[in-house]
Amino acid sequence: MVSKFFVKKNNKVGRYCTAACHLSAGEAIFCEEAFSVGPKSGSPLLCLGCHKALDEVKTCNKCRWPVCNEECSKQEIHSKNECAIFSSVGVKFNLDGDASAQLECITVLRTLLESERDATRWNDEVVVLEDHTNDRKARPEFWSAEQINVVDFLYEKCKLRSRFKKDTIQKVCGILEVNCFEVITEEYSSIRGLYPKLAIMSHNCVANTTHSKILNEHKMIVRTTVAVKEGDELYSSYTRSTESTLLRRVKLWDSKFFHCQCQRCSDPTELGTHLNTLKCTKCDNGLIFSADPLDNDAPWNCNLCDNAITAAGVQKVYKVVQDELEELEQIPFGPEKIEAAEKRLKQYKSFLHPRHAFKLALWHELMLLYGRAEGYSLDMLPDILLERKAEMCRNLLQTYDVIEPGYTRVRGVTLYELHVALLLYNRSQYEYRVLTLDKFKAEMKKVADILEESGKILSLEPEGSQEFTIGLSALNSVAQLRESVEKLKEESENKIDE
Ligand SMILES: C[S@@+](CC[C@H](N)C(=O)[O-])C[C@H]1O[C@@H](n2cnc3c(N)ncnc32)[C@H](O)[C@@H]1O
């Protein structure tokens, strides 16, 4: 098959990709098998067969490393990789030790073993990936821990010195850190995967591609989110696009060793979304922005008065809010979480811009909770909460249209939630005669358009995934919905005839 992208190179980013032809929105660009997958850095305890998180340690009968059960110990990803090595040298998992430090070597080892099995792909696609070895050496706190937990462990304890050079092990550590993408497994665990083609694309805080894992395989499908002209650069996003500039830039520097200077990062208003804007607490309508968003140490100034905050001060505030949001994440999905999220929204009103990224995160959470949490199921939601759900969806979409434009999962899901809220709200308004028949029909046509757009986006997700199932049922329901609106028309005409 003819490739839909070219690989180019420059001094700023190294290799990058451009579209080889015009690509339409939602078009598949390529599908790629992972070179290796496994636990990410700092991983919690998980099964080395299915990668499901483990609450207690159960170990493989052969190597004594964590697995769920015998079936998982026989999964090839475990048995042909670390299990074979650990059992041959008798290196066991220390049940009382730090799980994440011990799991640090697993994906590195799997990558090294795959380099022996598939030397062609290793040489053509993996060795050429950026590893930032010198930048990593300049961070002794990480470098020395890695030398002990991974390099020395594999080289000395696992007796791999005759198979791999120390330099190669260090290089693989770097390649994985710089190039891996997060993979959410079927068990909802977060692991990492090395997809060498996907890794070539440069980062942009407004990407024009997206990737989805194929169900029950280690393959990733990559497609465009918006139309891309021939010759234009293809970008992926290495961070969560919904975070504010300050946090994205710190993460990109910490994990990918570059200072992002994209259009979104360069604009104090983040392309008008205000995801990083604070409210002035000294004057009435003032907004506080960084004087230079490309300098993480630049002061933050009010646009109306002389109020100024140091970058360190803003970082402190952000840290407090982040901790609060992490605390909220621990609350199980249910009514308590709704109450906690609504409380935080009220608290943040005084100092965060109404569209700040932290508020966006809370809205997204609440959008999913209203209609699903116990005591808040759709049939129980009063109109005022249906209206609130719809308002949150609309606010979210305004921002997603800018930072996650086009055929993106997050837009698909939010549009779906918006259609649910509007469908029930308008129906109720019509039943209570707040809406006339004509107005109701007009509103329902808009709901059908929203549902159709959501269906078109989500049905592009891999077959069998939750999103794909929602997308398909959305597309099926659109016809029914339109038909029922038409029927309403007939009834009204009949009534008029009468
Ligand atoms: C996943 S790799 C991308 C492929 C890499 N350019 C190569 O030649 O193998 C990530 C690295 O590419 C570079 N890079 C990617 N996007 C960049 C951007 N927007 N600005 C600066 N450097 C970038 C950085 O060196 C980063 O660590």
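Only heavy atoms go into these numbers, but all of them, side chains included; no hydrogens, no water, no symmetry mates. Note that ligands are numbered from 1 as they come in the structure, with each ligand's atoms numbered from 1 the same way. All residue numbers refer to positions in the sequence shown, counting from 1.
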Distance-only polar pair, side chains of [X] and [Y], donor-acceptor under 3.5 Å:
X: S36; Y: R192; answer: no
X: H51; Y: Y188; answer: no
X: E182; Y: S190; answer: yes

Show me which atoms of ligand 1 lie under 4.0 Å from any heavy atom of [X].
X: A199; value: 1 (C), 2 (S), 3 (C), 4 (C)
X: S202; value: 15 (C), 16 (N)
X: K256; value: 26 (C), 27 (O)
X: V178; value: 1 (C), 10 (C), 27 (O)
X: E130; value: 9 (O)
X: V13; value: 5 (C), 6 (N), 12 (O), 13 (C), 17 (C), 18 (C), 20 (N), 21 (C), 22 (N), 23 (C)

Seminar exercise, completed: Here the gap from S237 atom OG to H211 atom NE2, rounded to the nearest 0.5 Å, amounts to 8.5 Å
For this session: Kindly compute the distance separating CG (L154) from OG1 (T168), expressed to the nearest 0.5 Å.
Result: 12.0 Å
For this session: Nearest heavy atom to atom 19 (N) of ligand 1 wins, so pick from K12, K9, H203, R15.
Result: H203
